Amino acid sequence: TGVIPVNISSIGVDVWGSYQSFSQTNTCNTSLAVGASCTISVTFKPTATGLKSGRLKVVDGVGIQYVNFTGTGL
């Protein structure tokens, strides 16, 4: 929400440990107009068993926005 467009510098996934089990894709442009939306999808493809943690990181004109997530490899 807001009254000015949001400038998006980057979108990525931060993960911890040696297992790169999460990736992201998105439909976002470098500028998101007022009232517009885009989709960010996070995919989990475990390479080992156990709990894995990470976070989605969106760098915009305001700062850095994070969304934490977990997955369990079986």
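Remember, it's a predicted structure, so these values are computed and weren't measured experimentally.
Paired with Val6 under the rule side chain to side chain contact (heavy atoms under 4.5 Å, CB included), one option of Thr30, Val62, Asp60 passes, and it is Asp60. When each of Thr27, Thr25, Val58 is paired with Ile40, the side chain to side chain contact (heavy atoms under 4.5 Å, CB included) condition holds for Val58 and for no other.
Taking Asp14 as the reference, Arg55 meet the side-chain hydrogen bond (donor to acceptor under 3.5 Å, both in side chains) condition, with sequence neighbours excluded.
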Handout entry: Verdict with reasoning, Phe22 to Leu56, per side chain to side chain contact (heavy atoms under 4.5 Å, CB included)
Key = CA-CA 9 Å; Phe22 297 97; Leu56 179 69; over 6 Å; no
Exercise for the section: Determine, stepwise, if the pair Ile11 / Gln24 fulfils side chain to side chain contact (heavy atoms under 4.5 Å, CB included). Expected result: CA-CA 8 Å; Ile11 300 172; Gln24 68 83 26; 3.6 Å; yes
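Membership of the apolar cluster around Val59 extends to Ile64, Tyr66, as traced through chained side-chain contacts below 4.5 Å between ILVMFWY residues.
Closest approach of Cys38 and Leu32 over heavy atoms only: N-CD1, 4.2 Å. Taking all atoms of both residues into account, the shortest heavy-atom contact from Val34 to Pro5 is CG2-N, 3.8 Å. A pairwise comparison of heavy atoms in Phe69 and Val13 identifies CZ-CG1, 3.7 Å as the closest pair.
Here the CD1-CG distance, from Ile8 to Asn29, works out to 8.0 Å after rounding to the nearest 0.5 Å. Between atom OG of residue Ser53 and atom CG of residue Leu51 there is a gap of 4.5 Å, rounded to the nearest 0.5 Å. Between the NZ atom in Lys45 and the OG atom in Ser21 there is a gap of 11.0 Å [rounded to 0.5 Å].
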